[in-house]
Amino acid sequence: MKFYFDSHKKNKILPTAYFQHEDVVGMAKDLIGKVLVTDFEGKKTSGIIVETEAYTGINDKAAHSYGGKRTARTEVMYQPGGVAYVYLCYGIHHLFNIVTNKKDIPQAILIRALQPLEGIDIMLQRRKKIKADYTLTRGPGSLAGALGLNRSHTGLLLGQKLIQVEDRGIVIPDSDIRCGARIGVAYAGADALLPYRFWADGNPYVSK
DNA sequence: CAAACGATTTTCT
DNA sequence: GAAAATCGTTTGG
């Protein structure tokens, strides 16, 4: 995978307004190359987003909010874009999503893989690993574990101290961004085939 | 209140 | 490649 640093751009934290854009699929693609940062208990960890999936809400059979379903768990998806949605999957893994679009339009983007940047020692500790390898932040459950994300962070506004997405000027050429069907949503029938998954081609942290 | 089910990962054969 | 690990959420009786 090729990418280069554009020094003309300043590092900037993506503002809440960014996540309230209505095109959740376009945003999932745009987030490839942005940097996800967490800073819990003085432990800063971050990584380049290299794989995402869009969940388009009430018309998307794969989304938790399909059909406008509102439960205690999915309620956060109805908030205005820019907050975190972290839920437990298979009783083991915490999956980190970013709520998008306007209030009452329950869409979200699942972050599926990162290329680690800062705090790799802390990530190793959290993941109970001795040596860094590609499995450190490959897959949604793994990256959430490495960055210390869990259900208690649901509803947290991004861009504050604890969780941020930054544009650090890392540019991944459009020709290196691939799209395809989402993973693990076979139950969604035809919607499982929609090209809502995006990834940086050739990046070793992307799910196999 | 009981039971089934995951937007997964790791380990074992 | 198959199967276990493991529990909050959701649904149905």
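In what follows, chains carry the letters A, B, and so on, assigned in the order in which the sequence lines appear, proteins first and then strands, with residues in each chain numbered from 1.
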key: Neighbour count >12 (heavy atoms, 6.0 Å) for atom CD, A:Glu75   = yes
request  = Encode nucleotides 5-13 of chain B as B, S and - characters from 5' to 3', where the letter depends on protein heavy atoms closer than 4.0 Å: B to the base, S only to sugar-phosphate, - to neither.
outcome  = -BBBSS---
request  = Using Watson-Crick or G-U wobble pairs with both distances under 3.5 Å, give me DNA chain C in dot-bracket, 5' to 3', with [ ] for crossers and | for pairs to another strand.
outcome  = |||||.||||||.
task = Please say which of A:Asp60, A:Thr52, A:Asp191 ends up in a side-chain hydrogen bond (donor to acceptor under 3.5 Å, both in side chains) with A:Arg182.
result = A:Asp60
Joint cluster assignment, A:Tyr196 & A:Tyr66, ILVMFWY side-chain distance < 4.5 Å = no
message = Within a 6.0 Å radius of atom NZ on A:Lys103, are there more than 12 heavy atoms belonging to other residues, nucleotides or ligands?
response = no
task = Answer yes if A:Ile105 and A:Phe19 sit in the same cluster of Ile, Leu, Val, Met, Phe, Trp and Tyr residues linked by side chain heavy atoms under 4.5 Å apart, and no otherwise.
result = no
task = Report yes or no: do A:Phe96 and A:Tyr87 belong to one cluster of Ile/Leu/Val/Met/Phe/Trp/Tyr joined by side chain heavy-atom distances under 4.5 Å?
result = no
task = Inspect the surroundings of OH in A:Tyr78 and state if more than 12 heavy atoms from other residues, nucleotides or ligands are less than 6.0 Å away.
result = yes
query = Given C:dT11, is OP1 or OP2 found less than 4.0 Å from the side-chain N or O atoms of A:Lys69?
reply = yes
query = Taking A:Glu51 as the fixed residue, which of A:Arg178, A:Gln115, A:Arg112, A:Arg138 is the one that meets the side-chain hydrogen bond (donor to acceptor under 3.5 Å, both in side chains) rule?
reply = A:Arg112
